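Some notes on the structure that comes next.
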Amino acid sequence: MYAIVEIAGQQFKVEKSKKVYVHRLHSEEGENINFDKVLLVDTDSDVKVGAPFISGANVSAKILKHLKDDKVVVFKKKRRKGYAVKRGHRQFLTQILIEDINL
């Protein structure tokens, strides 16, 4: 059984007892949260699709930790002009554990 859920503006395929990295959420570590924007639920017998969301369905999760992603290097260069700029970026992430998918 899996579900497609909108979390922090992005869609994720989640399953029970799986860990997912999402954009930083404004909740504390160890807190339980519910996501009610469920777009699709696939059980063993049938598939339910929302228009756009499934009413009454939610996904409960627990925040494990807040962290930063690996560094992404942005290097810009224009040849023969003497222009080169090197910058970096690290995205803030939250690791969540999917506890249950409720219909």
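Keep in mind it's a predicted model, so treat the numbers as computed, not measured.
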Exercise for the section: Following the transitive rule for hydrophobic clusters with a side-chain heavy-atom cut-off under 4.5 Å over Ile, Leu, Val, Met, Phe, Trp and Tyr, establish whether Leu93 and Leu25 coincide in one cluster. Expected result: no
Practice task
Find out if a path of hydrophobic residues (ILVMFWY) with successive side-chain heavy-atom gaps under 4.5 Å connects Leu103 to Phe12.
Solution key: yes
Quick one: side chains of residues 31-60, donor-acceptor pairs under 3.5 Å with protein atoms, not counting sequence neighbours, listed by atom name and distance.
{"unit_1": "Glu31", "atom_1": "OE1", "unit_2": "Glu28", "atom_2": "N", "d": "3.1"}
{"unit_1": "Thr43", "atom_1": "OG1", "unit_2": "Asp46", "atom_2": "N", "d": "3.3"}
{"unit_1": "Thr43", "atom_1": "OG1", "unit_2": "Asp46", "atom_2": "O", "d": "3.0"}
{"unit_1": "Thr43", "atom_1": "OG1", "unit_2": "Asp46", "atom_2": "OD1", "d": "2.7"}
{"unit_1": "Asn58", "atom_1": "OD1", "unit_2": "Asn102", "atom_2": "ND2", "d": "3.0"}
{"unit_1": "Ser60", "atom_1": "OG", "unit_2": "Asp100", "atom_2": "N", "d": "3.4"}

Please round to the nearest 0.5 Å and tell me the distance separating atom [atom1] of [X] and atom [atom2] of [Y].
| X | Y | atom1 | atom2 | value |
| --- | --- | --- | --- | --- |
| Asp69 | Phe92 | CG | CZ | 11.0 Å |
| Arg24 | Thr94 | CZ | OG1 | 5.0 Å |
| Leu64 | Gln95 | CG | CD | 5.0 Å |

Completion exercise
When every non-hydrogen atom of Gly88 is compared with those of Lys71, the smallest separation belongs to CA-CE, 4.2 Å
Could you tell me if the side chain of [Y] sits less than 4.5 Å from the side chain of [X], heavy atoms only?
| X | Y | result |
| --- | --- | --- |
| Val22 | Gln10 | no |
| Glu15 | Ile98 | no |
| Lys19 | Leu97 | yes |

Problem - Any donor-acceptor pair under 3.5 Å from Arg90 side chain to Asp70 backbone - result: no
Problem - His66 (side chain) donor-acceptor with Ser27 (main chain) under 3.5 angstrom - result: yes
Practice task
Would you sort out whether Val14 and Ile96 count as a side chain to side chain contact (heavy atoms under 4.5 Å, CB included), showing the intermediate values?
Solution key: CA-CA 10 Å; Val14 296; Ile96 61 174; 6.0 Å; no
